[in-house]
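Ligands are counted one by one from 1 in listed order, and the atoms in each one are counted from 1 as well. Numbers here simply count residues along the sequence, with the first being 1. Just the heavy atoms: all of them, side chains too, but no hydrogens, waters or symmetry mates, feed the values below.
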Amino acid sequence: METLVRLIEGEAAMVAFGECLGRAFAAHQGPLTVNLLGNLGAGKTTLTRGILRAFGHQGAVKSPTYTLVEVYEFGARRVYHFDLYRLGDPEELEYMGIRDYFGDQNLCLIEWPARGEGVLPAPDVLINIHPEGEGRRLELIAAAPANTLLAGC
Ligand code: ADP
Ligand code: MG
């Protein structure tokens, strides 16, 4: 288990850090699940915007607060961005057929994963975000082999 800690000040730096992570995730062969933990306003969606930018998505990233999940397609690769804040029951995820999302070359980024406990798979990478001063303290946790993805960022 490897833990990486980073202090990131400002939205632009958060997007840039997300881009660095995104490049590593994009280079990874196989499926990847990343849990994003932190309160409302922590910066989970901002980090997601940076990760998506590394895949080639230039636009805005809307929070899938009501739809629960937004899918971005990059050729054969898909990135699923979940926001489960308003999920009532983890079983709803079963009805959505989400088990199929966690395979192939897919990257799943999950805000509020605790809402889906029991249905969601264990993550490959866990990212904790806490406010610190004007910025954010990020704690990234990954076991082998996913820990190598964090090394360059
Ligand atoms: P969440 O998805 O966790 O609810 P958002 O990504 O929507 O949070 O971000 C909330 C606010 O925090 C935004 O206004 C964003 O600009 C700001 N923010 C994000 N990351 C940082 C950072 N590293 N330092 C300072 N402000 C940040
Ligand atoms: Mg969000």
| note | Shortest non-hydrogen pair, Glu70 vs Pro64, comes out as N-CB, 3.9 Å
| request: Could you tell me if any non-hydrogen atom of Gly38 lies under 4.0 Å from any atom of ligand 1? | output: no
| Gln29 and Gln105, any side-chain heavy atoms less than 4.5 Å apart | yes
| message | Taking 4.0 Å as the limit for heavy-atom contacts, which would you say applies to Met14 with ligand 1: side chain only, backbone only, both, or neither? | response | side chain
| From CD1 (Ile127) to CD1 (Ile51), nearest 0.5 Å | 5.5 Å
| Which ligand 1 atoms does Ala42 reach within 4.0 Å, using its non-hydrogen atoms? | 1 (P), 3 (O), 8 (O)
| said: I need the contact type for Leu36 against ligand 1. Using non-hydrogen atoms and a strict under-4.0 Å cut-off, is it side chain, backbone, both or neither? | reply: neither
| request: Mind checking whether Glu134 contacts ligand 1 via backbone (N, CA, C, O), side chain (CB onward), both or neither, at a 4.0 Å heavy-atom cut-off? | output: backbone
| request: Check Met14 against Ile8 and note the closest heavy-atom contact, atom names and distance. | output: N-CG2, 3.5 Å
| task | Look at atom 7 (O) of ligand 1 and say which protein heavy atom is nearest, naming residue and atom and giving the distance to 0.1 Å. | result | Thr45 CB, 4.1 Å
| task | Before signing off on this row, confirm whether Gly41 and ligand 1 have an N or O atom pair separated by under 3.5 Å. | result | yes
| message | Nearest 0.5 Å, please: how far is CG in Leu4 from CD1 in Ile141? | response | 10.5 Å
| request: Can you see which heavy atom on Cys20 is nearest to which on Gly152, and at what distance? | output: SG-O, 3.8 Å
| Asn39: numbered ligand 1 atoms lying under 4.0 Å from its heavy atoms | 3 (O)
| request: Could you tell me the separation between the SG atom of Cys108 and the CD1 atom of Ile98, rounded to the nearest 0.5 Å? | output: 7.5 Å
| task | Just need the protein heavy atom nearest to atom 23 (N) of ligand 1, so name the residue and atom and give the distance. | result | Ile8 O, 2.9 Å
| task | Return a yes/no value for Glu9: is any of its N or O atoms, backbone included, closer than 3.5 angstrom to an N or O of ligand 1? | result | no
| task | Would you kindly confirm whether Leu84 and Leu109 end up in one hydrophobic cluster when ILVMFWY residues are joined by side chain heavy atoms under 4.5 Å apart? | result | no
| query | What class does the angle between the rings of Tyr72 and Phe74 fall in, given that below 30° is parallel, 30 to 60° is tilted and above 60° is perpendicular? | reply | parallel
| Tell me: protein heavy atom nearest atom 9 (O) of ligand 1, and distance? | Thr46 OG1, 3.4 Å
| query | Among all protein non-hydrogen atoms, which one is nearest to atom 16 (O) of ligand 1, and what is the separation to 0.1 Å? | reply | Glu11 OE1, 2.5 Å
| Looking only at heavy atoms, which two atoms of Leu87 and Pro90 are closest? And how far apart? | CD2-CA, 4.0 Å
| Per-atom contacts of ligand 1 with Leu40, taking only distances under 4.0 Å to non-hydrogen atoms | 4 (O)
| Which single N/O/S atom of Glu111 lies at minimum distance from the Mg ion (ligand 2)? | OE1
| said: Regarding Asp83, does it place an N, O or S atom less than 2.8 Å from the Mg ion (ligand 2)? | reply: no
| query | Just wondering, is there an N, O or S atom on Thr45 that's nearer than 2.8 Å to the Mg ion (ligand 2)? | reply | yes
| request: Indicate yes or no for a side-chain donor-acceptor contact from Arg137 to the backbone of Val5 under 3.5 Å, with no hydrogens or angles considered. | output: no
| query | Atoms of ligand 1 less than 4.0 Å from Glu111 heavy atoms? | reply | 2 (O)
| query | For atom 26 (N) of ligand 1, which of Arg137, Arg6, Arg136, Lys44 has the closest heavy atom? | reply | Arg136
| remark: If you compare Gly10, Ala12, Gly43 by their heavy atoms, the one closest to atom 8 (O) of ligand 1 turns out to be Gly43
| field | Of all pairs that satisfy salt bridge (Lys or Arg N to Asp or Glu O under 4.0 Å), the ones with a partner from residues 42-59, not counting sequence neighbours | value | Glu11-Arg49
